[in-house]
Amino acid sequence: GGPRPRPGQEVSVKVLGALEDGGLVERDPRLTFVPGHGDVVQALELGVPTMQPGEVSFFLAAFPYGYGRPGSRRCARREPDVPPEAPLLFEVTLLEVRDSPEAQPLPPAVRLRLGSQRRDRGNFHFARGDFAAALSSYRLALRALDGPAAAPPGPEEEEELREQRVKCLNNCAAAAVKLERAGEALAACEAALRISPDNGRALLRRGQVGPAPPPSAARPSPAAHYRPLLSSQLLAEQGREEEAAEVLRRALELDPASKVIHAELSRLVKSRSPPARP
């Protein structure tokens, strides 16, 4: 018994997930998350807040509330693969409810773990084309990384925190580009550059935004989503073509062999050239 989880509280649950044929695809003796943060499938996000500690519930989830239309590859706690559009039956035991640790001072190592968990979930959403959910997860990752620390980080932890912040900000920019939010993308790039002035990815993306691939194009791998394969507009759309060209030149100094940067800079220069007279 006990009260149901309140918004912002952290829960720990025991989870078993099975396909319609009874095949077990998910098993976690203690899964910890904050409902509403997008860290788990919708069936758990929506179902667990209705439970009381110690309660056992069964949730029959249509595919939008499970692993979606694409399904999911196996992972550390899940095998075999979840097929596309697969409904799932979850058996869930609510083990514990407590206030979220993010508002409390935490050791740097815990901050890094929370940030990594949120960023991984953002990558999960991004790979499935849910860019709004991805952006939300990346912002939550930044909040975890920037929270109060119980002790000053050591030199290695400080460097890792810095690197993780830059990665999350670049991820935010990539998701904002997909959502056609040029202002948000530019702000995220500039925040990344304030932390790491020579970050090549932030420099390139700051001068760029890209069109969606044609429907016939092969779906890129999740890693490819974060490569700078974007065409210029973030600054150019705001009439800042010279600044866009300058950041691309700076990125080229950091990576002279990059064909992507060469192509983007060439395209931008040509777009600014007056048309040839007949």
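Everything numeric here is computed off the predicted structure, so don't read it as measured data.
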Asker: Indicate yes or no for a side-chain donor-acceptor contact from His125 to the backbone of Gly38 under 3.5 Å, with no hydrogens or angles considered.
Answerer: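 Between the backbone of Gly38 and the side chain of His125 there is a qualifying donor-acceptor contact (under 3.5 Å).
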Asker: Examine Phe59 and Phe33 and state if one hydrophobic cluster contains both, with Ile, Leu, Val, Met, Phe, Trp and Tyr joined whenever side-chain heavy atoms are less than 4.5 Å apart.
Answerer: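 Both belong to a single hydrophobic cluster.
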Asker: Starting at CZ of Arg194, measure out to SG of Cys189 and round the result to the nearest 0.5 Å.
Answerer: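 Output value for this atom pair is 11.0 Å.
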Asker: With heavy-atom distances below 4.5 Å as the criterion, would you say the side chains of Leu106 and Leu114 are in contact?
Answerer: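 Yes; the side chains approach each other to less than 4.5 Å.
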Asker: So do Leu31 and Leu44 actually touch side chain to side chain, heavy atoms under 4.5 Å?
Answerer: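 Heavy-atom side-chain distance check passes, below 4.5 Å.
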Asker: Looking only at heavy atoms, which two atoms of Gly17 and Leu24 are closest? And how far apart?
Answerer: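 Minimum heavy-atom contact is O-CD1, 3.3 Å.
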Asker: Quick one: does Glu10's side chain have a donor or acceptor within less than 3.5 Å of a partner on Val34's backbone?
Answerer: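 It does not hold such a pair.
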Asker: With sequence neighbours excluded, what pairs up with Arg30 under the side-chain contact (heavy atoms from CB on, under 4.5 Å) test?
Answerer: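 With neighbours one apart ignored, the set is Ser12, Thr32, Leu95, Glu96, Arg98.
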Asker: Is the number of heavy atoms from other residues, nucleotides or ligands within 6.0 Å of OH (Tyr65) greater than 12?
Answerer: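 Atom OH in Tyr65 is not crowded, with 12 or fewer foreign heavy atoms closer than 6.0 Å.
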Asker: Looking at Arg111 and Pro148, would you say the former's side chain and the latter's main chain have a donor-acceptor pair under 3.5 Å?
Answerer: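 Yes, the answer is positive, given that a donor and an acceptor are paired below the 3.5 Å cut-off.
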Asker: Please list, chain by chain and in numerical order, all residues satisfying side-chain contact (heavy atoms from CB on, under 4.5 Å) with Glu159, sequence neighbours excluded.
Answerer: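 Applying side-chain contact (heavy atoms from CB on, under 4.5 Å) to Glu159 gives Arg162, Glu163.
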Asker: If hydrophobic residues (ILVMFWY) are linked whenever their side-chain heavy atoms come closer than 4.5 Å, directly or via other members, who joins Leu145 in its cluster?
Answerer: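 Members alongside Leu145: Leu112, Leu161.
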Asker: What distance separates Asn171 CG from Gln164 CD, expressed to the nearest 0.5 Å?
Answerer: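 Answer rounded to 0.5 Å: 9.5 Å.
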Asker: Are the ring centres of Phe131 and Phe126 closer than 6.0 Å?
Answerer: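 Yes, the ring centres sit under 6.0 Å apart.
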Asker: Mind checking what makes side chain to side chain donor-acceptor pair (under 3.5 Å) contact with Gln52, not counting sequence neighbours?
Answerer: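 If we apply the side chain to side chain donor-acceptor pair (under 3.5 Å) test to Gln52, skipping adjacent residues, there are no hits.
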Asker: Kindly compute the distance separating CZ (Arg121) from OG (Ser137), expressed to the nearest 0.5 Å.
Answerer: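 Output value for this atom pair is 7.0 Å.
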Asker: Excluding sequence neighbours, so at least two apart, what forms side chain to side chain donor-acceptor pair (under 3.5 Å) with Glu20?
Answerer: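 Applying side chain to side chain donor-acceptor pair (under 3.5 Å) to Glu20 gives none.
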Asker: If you compare all heavy atoms of Ser196 against all heavy atoms of Val166, which two are closest, and at what distance to 0.1 Å?
Answerer: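 Heavy-atom minimum between the residues: CB-CG2, 3.9 Å.
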Asker: Please check if Phe90 and Phe58 belong to a single hydrophobic cluster, counting links between Ile, Leu, Val, Met, Phe, Trp and Tyr side chain heavy atoms closer than 4.5 Å.
Answerer: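 No, it is not one cluster - the side chains of Phe90 and Phe58 are not joined through contacts under 4.5 Å.
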Asker: Is there any salt bridge (Lys or Arg N to Asp or Glu O under 4.0 Å) pair reaching into residues 144-158, and which pairs are they, with sequence neighbours excluded?
Answerer: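 Qualifying pairs: Asp146-Arg165.
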Asker: Once salt bridge (Lys or Arg N to Asp or Glu O under 4.0 Å) is applied, do any residues pair with Glu55, and if so which ones, sequence neighbours excluded?
Answerer: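 Salt bridge (Lys or Arg N to Asp or Glu O under 4.0 Å) check on Glu55 returns nothing, list empty.
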Asker: Tell me every residue that passes side chain to side chain donor-acceptor pair (under 3.5 Å) with Thr50, counting only those two or more places apart in sequence or in another chain.
Answerer: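 None.
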Asker: Working to the nearest 0.5 angstrom, can you tell me the gap between Leu169 CG and Leu142 CG?
Answerer: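 If we round to the nearest 0.5 Å, Leu169:CG and Leu142:CG are 5.0 Å apart.
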Asker: Can you find a pair of side-chain heavy atoms, one from Glu184 and one from Leu135, that are under 4.5 Å apart?
Answerer: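 They are in contact (side-chain heavy atoms under 4.5 Å apart), so the answer is yes.
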Asker: Using every non-hydrogen atom in the two residues, find where Ala134 and Gly122 come nearest and quote the distance to one decimal.
Answerer: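 In this case the closest contact between Ala134 and Gly122 is CB-O, 3.4 Å.
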Asker: Suppose we screen for side-chain contact (heavy atoms from CB on, under 4.5 Å). Which residues come up paired with Pro83, at least two apart in sequence or across chains?
Answerer: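 Counting only residues at least two positions away or on another chain, Pro83 forms a side-chain contact (heavy atoms from CB on, under 4.5 Å) with Leu19, Ala86.
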Asker: Might you work through the side chain to side chain contact (heavy atoms under 4.5 Å, CB included) test for Arg143 and Arg139, ending with a clear yes or no?
Answerer: CA-CA 6 Å; Arg143 192 168 78 181; Arg139 287 171 174 165; over 6 Å; no
Asker: Please report the interatomic distance OG1(Thr93) to CE(Met51), rounded to the nearest 0.5 Å.
Answerer: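 Interatomic distance, Thr93 OG1 to Met51 CE, rounded to 0.5 Å: 6.5 Å.
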Asker: Shortest non-hydrogen contact from Gly115 to Ala144?
Answerer: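 In this case the closest contact between Gly115 and Ala144 is N-CB, 3.9 Å.
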Asker: Does Pro53 have any side-chain contact (heavy atoms from CB on, under 4.5 Å) partners at least two apart in sequence or in another chain, and if so, which?
Answerer: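 Applying side-chain contact (heavy atoms from CB on, under 4.5 Å) to Pro53 gives Leu94, Val97.
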Asker: Going through the checks in order, is the side chain to side chain contact (heavy atoms under 4.5 Å, CB included) test met by Asn123 and Tyr138?
Answerer: CA-CA 9 Å; Asn123 293 348; Tyr138 295 142; 2.7 Å; yes
Asker: Does the side chain of Val56 come within less than 4.5 Å of Lys14's, by heavy atoms?
Answerer: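 Counting from C-beta outward, Lys14 and Val56 never come under 4.5 Å.
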Asker: Can you label the angle between the Phe124 ring and the Tyr67 ring as parallel, tilted or perpendicular, going by 30° and 60°?
Answerer: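 Plane angle over 60°, so perpendicular.
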Asker: Any idea which heavy atoms bring Ala185 and Ala176 closest together, and the distance?
Answerer: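 Heavy atoms only, the tightest pair is N-CB, 3.7 Å.
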